[in-house]
Each structure stands twice: as C-alpha cells, then as structure tokens.
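Accompanying notes for the structure given below.
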Number of protein chains: 2
Amino acid sequence: MKKVDIFKKLRSSGLRPTKQRVEIAKFLFEREKTFHFTVESLENQLAKKSTCKFALATIYNTIHAFKKAGHLSEVDVRGKKTYFDTNITNHHHFYDGETSELIDIDSSEVVIQKIPKAPNGKKIKNVEVFINLKN
Amino acid sequence: MKKVDIFKKLRSSGLRPTKQRVEIAKFLFEREKTFHFTVESLENQLAKKSTCKFALATIYNTIHAFKKAGHLSEVDVRGKKTYFDTNITNHHHFYDGETSELIDIDSSEVVIQKIPKAPNGKKIKNVEVFINLKN
DNA sequence: TTTTTACTTTAGAATTATTATAAACTAAAT
DNA sequence: ATTTAGTTTATAATAATTCTAAAGTAAAAA
C-alpha cells in the first residue's frame, strides 16, 4: 500500500492526516497480509515501532473512524477485548480459545448448503462461521 | 423440570442448594423453552419474581458454576454484555443487531457442505454459524 | 441435638475495557 | 500571518465484571 493510499484511507474516513493517524494507518495497512488486533496489542506495537506517543483515546478514535468507513471490521469473539480485522472481505474464522488466536478462513473454504430464512420482516445481512479449536 | 432435577443441577455444579441458588436455577431451568439472558436481565427478572434479594456477585458466581458444569452456554456476541443460553445443544443463532436480540436456529436448519481442516496440531471443537440480520 | 467446619452471601472496593471531557496544540483556510 | 476548525492528550467517567473480607448458613461431626 502506497503513501497516497494511506492518505486516501484517512480522508475517506473523515480524518485529517496527522502524525499519529498516518502512523496508525501505515501500521495497519502497509503490509502484505491482513491481520487481527486489539486496541491493546496495537498500542504496544505502535509504542515499539514508532517514535511519537499515542494516547489511548487517539487510537480508539482512529480505529473507530476506520471501522465506520469500512476499512476495518470487528470480529465477534467471546471475551472482554474487541478484536479488529484489516480483512474487510466476507470471510470466516478459526478461533483458538487456548491462545485467544484468530485465524482467517477464506470465504471459498466454507460452503453452506442449507440455511433458514430470516424471521418476519428481517433480511439476512451476512453469515459468519466460527470454527472453535481445541488441542 | 422437577425440583429433584434442580438439586441435581446444583450438585453437579458443585453448589450447595441455598435459597438464592435454588431460585436462580428454577428461573433458568423450570421452563418449557430454552432462552437467552444477560446477567443484567437475569437480575431484573429475579428481582421482580422473587421475594429474596440477590447480590450481583451471587448471580455471577452461580451462572459461572452452571456454565463450567455445562448447564449453560455462552454465546459469542459483539458488545459489552455477555449473553448466556440455556440451550446447551449444538445450535446456531440469528443475531439482530438493531434490537440486540438472539434467536436460536436448530442444528438441523443449517447444513454445511465444506469446511477447512483444522490447522497444525489442532482439532475442531465445534462450528458455530451466526446469521446477522438487518431490516 | 449442639458444635464445628466449610462453604455462601453480601456490600462495596478493585479491575478492565472503553468512552467522554476540556485544555493545550496543530493543520488548513483565510 | 491569523483565524478557524479539527486534534491530541491526560485524566475523569462509565460499565461490566471480578475480588474481598466480614457476617451468615448448610452440612458434618460429636
């Protein structure tokens, strides 16, 4: 992902490209593969990688703006912390309860043959499959 | 569910049948259909239905013991509160984000044709399907 | 029974993740 | 250069949950 795209992501999220936000955006989007993170893990890694400081509130605000703009998705995981995913395509997850680790499953890896129809007046937004793992 | 079964549930969860615990167990298990609840909703309903008082800690402790013993399951839902389910069979859920409502889907209503194999050294514990709803 | 022991309840404090606030700061428009 | 509108930050507030320690209760022992 190029610098230009980082700026595009920020603008399309309604965010001015400040030092902190550019660093966050680069950290999230300037990589080959998508990944999962929590605000806590993001804070730790930013603290290591970057020279400037980040208030927690800044990280929360930025992440939420990205999410609202569709550049990040949130993953349903049991537990206290919220998990985010830079993979915004339709996909599924393995979840390893022992390590609290999430692993992406490509949409094509799961085929659902039968599904109930939505209840009265509701429509199906999307279908998410969680495969819980054990040792 | 008979009184005897309530006591069985308590004992198998390692809990002495105290007044509070019996009331909680009756409220959860003495009904025709399974249902979903949060600790907050449970507290409210117990306060209405019952004569005795319940400390929050008692509700949390009791629920956790039931869960540990397999008499309750926890549902993965995005959000702050934890949802519990008295349906402990393998099943799936509709989730209505607008009303925060969970609806059970019987296992037989969903047929999965293809699924990836578990990663290195791990096994599949179970597969949960979430159908997110919109209006 | 009574006594003893181990487990329980409870109110309130502590913790954890997250969100709100308001003062100092900075980017962009004028 | 100055103004304006948006930002960062430290800290306070909130919300769900867990911990704690004192007072209470069920079950076991005598």
Side-chain angles (χ1 to χ4, degrees), chain A residues 3 6-27 36-47 50-69 72-85 100 102, chain B residues 3 6-27 36-47 50-69 72 74-84 100 102:
Chain A
K3 200 164 193 177
I6 293 294
F7 277 67
K8 235 182 239 168
K9 277 216 161 54
L10 285 166
R11 276 205 211 87
S12 62
S13 309
L15 299 176
R16 284 186 185 171
T18 65
K19 195 169 48 172
Q20 283 82 351
R21 288 170 176 170
V22 171
E23 295 260 317
I24 293 173
K26 280 179 159 182
F27 184 81
H36 304 102
F37 64 94
T38 65
V39 169
E40 195 195 18
S41 75
L42 182 56
E43 190 194 20
N44 290 337
Q45 296 184 268
L46 284 171
S50 175
T51 51
C52 70
K53 291 237 165 181
F54 298 86
L56 255 186
T58 301
I59 300 179
Y60 274 104
N61 289 342
T62 307
I63 294 310
H64 283 150
F66 282 146
K67 192 198 151 192
K68 207 168 173 184
L72 287 176
S73 63
E74 196 179 322
V75 188
D76 290 316
V77 186
R78 211 186 335 257
K80 292 176 193 174
K81 285 176 202 144
T82 304
Y83 282 77
F84 295 93
D85 195 339
S100 298
L102 275 174
Chain B
K3 200 164 191 177
I6 294 295
F7 278 68
K8 236 182 239 167
K9 277 216 161 54
L10 286 166
R11 275 203 213 90
S12 62
S13 309
L15 299 176
R16 282 185 187 173
T18 65
K19 195 170 47 174
Q20 284 83 350
R21 289 170 176 169
V22 171
E23 294 262 314
I24 293 173
K26 280 179 159 183
F27 185 82
H36 304 103
F37 64 94
T38 64
V39 169
E40 196 195 17
S41 74
L42 182 56
E43 189 194 21
N44 291 336
Q45 297 183 268
L46 284 171
S50 178
T51 51
C52 70
K53 292 237 163 182
F54 298 85
L56 256 186
T58 302
I59 301 179
Y60 274 105
N61 289 342
T62 308
I63 295 309
H64 284 149
F66 282 147
K67 193 199 151 192
K68 207 168 171 185
L72 288 176
E74 197 179 322
V75 187
D76 291 314
V77 186
R78 211 189 331 259
K80 291 176 192 172
K81 285 176 202 142
T82 304
Y83 282 76
F84 295 92
S100 298
L102 275 175

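In this text, all values refer to a predicted model and were calculated from it rather than measured experimentally.
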Between B:Thr58 (side chain only) and B:Phe54 (backbone N and O only), is there a donor and an acceptor less than 3.5 Å apart?
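Not confirmed, B:Thr58 side chain does not pair with B:Phe54 backbone.
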May I ask you to verify if any side-chain N or O of [X] is less than 4.0 angstrom from the OP1 or OP2 atom of [N]?
X: A:Tyr60; N: C:dT18; answer: yes
X: A:Thr82; N: C:dT18; answer: yes
X: A:His64; N: C:dT19; answer: yes
X: A:Thr18; N: D:dT7; answer: no
X: A:Gln20; N: D:dT9; answer: yes
X: A:Arg21; N: D:dT8; answer: yes
X: B:Arg16; N: D:dA27; answer: no

Whole angstrom value for the distance that separates [atom2] of [N] from [atom1] of [X]:
X: B:Glu23; N: C:dT8; atom1: CD; atom2: P; result: 17 Å
X: A:Leu46; N: D:dT9; atom1: CG; atom2: C1'; result: 16 Å
X: A:Asn44; N: C:dA17; atom1: CG; atom2: P; result: 11 Å
X: B:Glu43; N: D:dA15; atom1: CD; atom2: P; result: 14 Å
X: B:Arg11; N: D:dA26; atom1: CZ; atom2: P; result: 14 Å
X: A:Glu74; N: C:dT18; atom1: CD; atom2: C1'; result: 12 Å
X: B:Leu15; N: D:dA27; atom1: CG; atom2: P; result: 12 Å

Using a 4.5 Å cut-off on heavy atoms from C-beta on, say whether the side chain of A:Thr82 contacts that of A:Val39.
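Heavy-atom side-chain distance check fails, nothing below 4.5 Å.
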Kindly indicate whether the side chain of B:Phe37, heavy atoms from C-beta on, has any atom under 4.5 Å from the side chain of B:Leu72.
yes
Given D:dA16, D:dT17, D:dT9, the nucleotide with the shortest approach to the side chain of B:Lys80
D:dA16
Could you please name the option among C:dA28, D:dT8, D:dA16 that lies closest to any side-chain atom of B:Lys81?
D:dA16
Find the distance between CD (B:Gln45) and CD (B:Glu40) and round it off to the nearest 0.5 Å.
11.0 Å
Distance-only polar pair, side chains of B:Ser50 and B:Glu23, donor-acceptor under 3.5 Å
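The criterion, which ignores hydrogens and geometry beyond distance, is satisfied for B:Glu23 and B:Ser50.
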Which sits closer to the 5' end of DNA chain C, B:Leu56 or A:Glu40, going by the nucleotide each is nearest to?
B:Leu56
